[in-house]
Amino acid sequence: MAVHWYPGHMHKAQKEIKEALPQVDLLIEVLDARIPYSSENPAIAEMRGDKPCIKVMTKTDLADPDMTAKWQAYFEQERGVKTFAASTQDPANIKQLLTLVRQMLPEKDASIKSIHTMIVGIPNVGKSTLINILADRVIAKTGNEAAVTKNQQRISLGNGITLFDTPGILWPKLENPNSGYRLAACGSIKDTAMEYDDVGFFTADYLIKAYPDYLKERFQLSEIPNTEIEFLELAAARRGALMAGGRVNLHKICEVLINEFRSAKLGRISLESPDMVAAEEILMAEAIAKKADEKLQRKEKFKTGSLTPDKKDRKEKREQDRREMSAKMKADNAKKKR
């Protein structure tokens, strides 16, 4: 899915993050537990370098708990990275994040100096709600939509910890097309920037393969069809998402499916696994290499010209004629000098 949603404030926020990072001791990166890979901004990883990082996986109450555990093990293979599973339904647990911050910076914790942290993440991963719980007061504006926070601010959390809050930022180009669909399904991209039908088809196809029992129970189906269009037709009949003549209202049933996924009415679902994205990264690398090769071939063709054999012969004859004419002119000039 080609997602084109990179508002100007995101570009500005990325610059501000880069400028403020030297003052920061530790980075807190907030990820959506349903899509930890797709909600991990590659620009953040590039800017972070070897700075310690806690990857907070929010919305764990909406995600598959087994898959969340697999992602935590996957991320913690990286040096200097710890993970923290969080749900806004359990504020007391979120408070333990401050303890983990101190544990990761024992020298700073033992000194009188404040620990400076920065919280970053893509839009609508629950960053502002997390901040309000940690600060014990409403500081950051919250909302169940992408791009609510627009400006950076500095917040004192007490006990010697200062937090830089930053707006949610995406990146200009999504290399993995599947990540675009997953971000849209989870609400990290404004609904006005996506096509419900496209996202609904992608989500239905994945759920048929990964969570068929959830679909059977929620839509009261005895069997799950093999294709997304067949499933959506049955689901539309169950929910009355039909138009005149009994035709399926695809937009409506796709909207129903996405909303019920987001609210976990379908069940606790994760849209990706470490093994899945590893396979996708291989395919992406192959696609990028192929694209680069095709570009190189186009350049070579441009240099030599896209010539049929007869055109190539004519071109070579013209070049031979030019060489002979040049040689004759040189010979004539030499005779005149004598």
Side-chain angles (χ1 to χ4, degrees), residues 1 3 29-45 53-87 89 121-126 170-171 174-189 194 198-218 224-228 231 254 257-288:
M1 176 181 174
V3 175
E29 184 176 11
V30 185
L31 309 176
D32 188 322
R34 297 167 296 178
I35 51 168
Y37 168 80
S38 294
S39 60
E40 186 182 31
N41 190 333
I44 297 297
C53 178
I54 299 174
K55 292 185 182 289
V56 179
M57 300 176 67
T58 58
K59 306 188 181 185
T60 53
D61 54 309
L62 308 178
D64 183 329
D66 293 337
M67 199 58 68
T68 298
K70 287 181 181 179
W71 276 111
Q72 287 189 266
Y74 172 84
F75 284 129
E76 291 196 1
Q77 292 177 56
E78 185 179 351
R79 185 180 177 183
V81 172
K82 292 292 183 183
T83 61
F84 187 89
S87 165
Q89 305 301 313
I122 68 168
N124 202 26
V125 287
L170 287 167
W171 50 109
L174 295 170
E175 295 291 351
N176 187 338
N178 291 333
S179 289
Y181 286 112
R182 293 172 189 140
L183 287 164
C186 291
S188 294
I189 292 166
M194 65 179 242
D198 286 347
V199 180
F201 269 73
F202 176 88
T203 306
D205 178 62
Y206 174 79
L207 295 176
I208 286 169
K209 296 168 184 171
Y211 297 93
D213 291 340
Y214 287 5
L215 295 181
K216 281 168 70 174
E217 183 177 349
R218 184 64 186 171
I224 295 295
N226 293 323
T227 66
E228 65 271 34
F231 164 72
C254 287
L257 181 68
I258 292 165
N259 288 337
E260 294 199 359
F261 158 71
R262 289 177 180 175
S263 62
K265 288 179 180 177
L266 295 176
R268 295 176 67 178
I269 291 170
S270 295
L271 293 184
E272 56 193 18
S273 69
D275 290 341
M276 179 193 301
V277 299
E280 289 178 358
E281 284 185 334
I282 292 171
L283 292 175
M284 278 193 302
E286 290 173 352
I288 291 169

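In this structure K82 satisfies the salt bridge (charged side-chain N to carboxylate O under 4.0 Å, His left out) test with no other residue, sequence neighbours excluded. For Y206, the side-chain hydrogen bond (donor to acceptor under 3.5 Å, both in side chains) test picks out no residue, with sequence neighbours left out. The ring-ring contact (aromatic ring centres under 6.0 Å, His included) test applied to F231 returns F219, not counting sequence neighbours. Taking the side-chain hydrogen bond (donor to acceptor under 3.5 Å, both in side chains) definition, one finds that T83 meets it with Q72, E76, sequence neighbours left out. In this view, F201 satisfies the ring-ring contact (aromatic ring centres under 6.0 Å, His included) rule with no residue, not counting sequence neighbours. Looking at residues two or more places apart in sequence or on another chain, you find a salt bridge (charged side-chain N to carboxylate O under 4.0 Å, His left out) between R34 and D32. R268 meets the salt bridge (charged side-chain N to carboxylate O under 4.0 Å, His left out) test with no other residue; sequence neighbours excluded. By the side-chain hydrogen bond (donor to acceptor under 3.5 Å, both in side chains) test, S87 pairs with D61, sequence neighbours left out. Residues satisfying the side-chain hydrogen bond (donor to acceptor under 3.5 Å, both in side chains) test with E78, not counting sequence neighbours, are R48. Legend: residues meeting ring-ring contact (aromatic ring centres under 6.0 Å, His included) with F84, ordered by chain and number and at least two apart, are absent. Scored by the salt bridge (charged side-chain N to carboxylate O under 4.0 Å, His left out) test, E260 finds R218, R239 as partners (sequence neighbours excluded).
Listed by first and then second residue, the salt bridge (charged side-chain N to carboxylate O under 4.0 Å, His left out) pairs involving residues 272-285 are R182-E272, R182-E280 (not counting sequence neighbours).
Put simply, the residue from L207, T203, D64 that forms a side-chain contact (heavy atoms from CB on, under 4.5 Å) with I269 is L207.
No side-chain heavy atom of I208 sits less than 4.5 Å from a side-chain heavy atom of N226.
D205 has a carboxylate O that lies under 4.0 Å from a charged side-chain N of K209, or vice versa, which qualifies the two as a salt bridge.
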